[in-house]
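Working notes for the structure below.
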There are 4 protein chains.
Amino acid sequence: MEFNNQLAIYLQIVERIYEDILLGKLKEGERMPSVREMAVSTEVNPNTVMRSYAHLQEKEIIFNKRGIGYFICDIALNKIQNMKKEEFLEQELPKLFKSMQLLNIDIKDLEKQFEVYKKEK
Amino acid sequence: MEFNNQLAIYLQIVERIYEDILLGKLKEGERMPSVREMAVSTEVNPNTVMRSYAHLQEKEIIFNKRGIGYFICDIALNKIQNMKKEEFLEQELPKLFKSMQLLNIDIKDLEKQFEVYKKEK
Amino acid sequence: MEFNNQLAIYLQIVERIYEDILLGKLKEGERMPSVREMAVSTEVNPNTVMRSYAHLQEKEIIFNKRGIGYFICDIALNKIQNMKKEEFLEQELPKLFKSMQLLNIDIKDLEKQFEVYKKEK
Amino acid sequence: MEFNNQLAIYLQIVERIYEDILLGKLKEGERMPSVREMAVSTEVNPNTVMRSYAHLQEKEIIFNKRGIGYFICDIALNKIQNMKKEEFLEQELPKLFKSMQLLNIDIKDLEKQFEVYKKEK
DNA sequence: GTGGTCTAGACCACC
DNA sequence: GTGGTCTAGACCACA
């Protein structure tokens, strides 16, 4: 897995797990890869993965069954959607609009770009 | 001045100066507030302001006249506009579009929100 | 059986057996449920039950007749009572008193609560 | 500092900090010892102290000023009192009463013990 | 000076 | 096999 330098690795792992749940790659009730497995697959120290998992457990996205592993909570998907939506509305959007005004960018420009983006994917 | 804990204080100051230039509050050729003045007005350690100014100097947004102070470069406005546009296109937009797809948000929703935002201001 | 995540499962099983003996649900000389039965009834891995039984055997609360099963020792009740009393006096009480002092809770408050508790049961 | 083996060291440090706040040894608004200082005074690895502090920050008992240190939140005392009271009422007390019934211990016995305890201190 | 992150490696209890 | 904790040591950004 490739990491960028702006955000702590353990948080980038968290973000990727959020995405995987949003995209249905990880489903509620399912078992997470073990700490060690995840450490190997992401080429990261197990401690770092542990930190990601601890963070997710704190946020009640996953929970632990002793000696067995981590599992995705039942309300995980909904919780993440709400969290992300709030983040979007309260942080991303205001920042976006501010940038647009400062740079005199029109909403029409965005539309075009978005079409391009969707086709690329 | 109020700071958010996610970004280094010196960079938050830099951002505010960028904005002030974009909005014409600070004009090319003008003298910047002295480090000490700025430190007082932002309630921050002078070292921190110094760091902001050094950063701006490196980016050739401001320049220093020894013993006199810092002044805004002639090409500052244009430079910032380009920098911000690039940042917008290469970082903000992709992130925005990704969020929109993950959360099933339509570009039409954005338009409405933007109208609201413009009226509020 | 429902388990709490703070204490090892095998120890929670041990605790429940202690209680059953103290309450007379399990009597001295009686045969314990087999490891498999217990595993089914508590919805736990047989290894875990095995561990509980091994723990109890080590404490001389139960003993094993090879090929037949586990039986409750003759002095089990008395032994558990002493163990629990010691635990109560040396660990629970000091912790309780410390909490009471830190939180300014009076012994009178406890009395009232205890009356309520006894009626509820 | 002496640690017992039943609870993670970083949580024992957390507990001691709770107590210090409850006892007024640490006051709201005050700066915490730096991570390194605390590590030396408790004879523990700085990482472990870091973990305690991160935990306390998560619980909004302390907060961080970048480059300066950790400070005790304004509502810390109240928050801890509530937390501890809830813990006491919902966990310690039921456990206590259960023990008392199983062991036939009277509330009068407790009173006497408590008097002894208070005199010792 | 401050915190924050990461790695490597060890050890442990538990299922 | 699972997670959890701790140490030691390094490196970095920040005030």
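From a predicted model like this one, the values you see are computed outputs, not experimental measurements. Below, read A as the first sequence line, B as the second, and so on, with proteins coming before strands; counting in each chain starts at 1.
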Check: Got a sec? Which of residues 44-68 of chain D come in under 4.0 Å of DNA chain E, heavy atoms?
Finding: D:N47, D:M50, D:N64, D:G67, D:I68
Item checked: Contact summary for B:P46 and B:V35, nearest pair of heavy atoms -> O-CG1, 3.6 Å
Next item on the list: Go ahead and write out DNA chain E as dot-bracket, 5' to 3': ( ) for pairs within the strand, [ ] for ones crossing earlier pairs, | when the partner sits on another strand, dots for unpaired; Watson-Crick or G-U wobble, both distances under 3.5 Å.
Entry: ||||||||||||||.
Notebook entry, point to check: Which atom pair, heavy atoms only, marks the closest approach of A:I21 to A:L77?
Noted result: O-CD1, 3.6 Å
Next item on the list: Keeping to residues at least two apart or across chains, list the side-chain hydrogen bond (donor to acceptor under 3.5 Å, both in side chains) pairs with something in residues 39-58 of chain A.
Entry: none
Next item on the list: Can you establish whether the number of heavy atoms outside B:R31 located under 6.0 Å from its atom CZ is more than 12?
Entry: yes
Margin query: Looking at every non-hydrogen atom in both residues, tell me the closest pair between A:I13 and A:F3 and how far apart they are.
Written below: CG1-CE2, 4.0 Å
Next item on the list: For B:E60 and B:C73, indicate whether the former's side chain and the latter's backbone hold a donor-acceptor pair under 3.5 Å.
Entry: no
Check: So does B:E15 pair up with B:K84, basic N to acidic O under 4.0 Å?
Finding: yes
Item checked: A:K25/A:E30 ion pair, N-O < 4.0 Å -> no
Margin query: For D:Y18, give me all partners under ring pair (Phe, Tyr, Trp, His ring centres under 6.0 Å), at least two apart in sequence or on another chain.
Written below: none
Notebook entry, point to check: Counting only non-hydrogen atoms, which of residues 31-42 of chain A are less than 4.0 Å from DNA chain F?
Noted result: A:R31, A:S34, A:V35, A:R36, A:E37
Margin query: I'd like the 5' and 3' limits of the part of DNA chain E contacted by chain A, with heavy-atom contacts below 4.0 Å.
Written below: E:dT5 to E:dC15
Next item on the list: Could you check D:I9 against B:L7 and say which one's nearest nucleotide on DNA chain F is further toward the 5' end?
Entry: D:I9
Margin query: Testing the basics here: between A:E28 and A:I75, what is the closest heavy-atom pair and its distance to 0.1 Å?
Written below: OE2-C, 3.8 Å
Next item on the list: List the atom of C:M32, the atom of C:L26, and the distance in Å for their closest heavy-atom pair.
Entry: SD-CD1, 4.2 Å
Note to self: Strictly distance-based, threshold 3.5 Å: is any side-chain N or O of D:R66 a donor or acceptor partner for the main-chain N or O of B:N5?
What the structure shows: yes
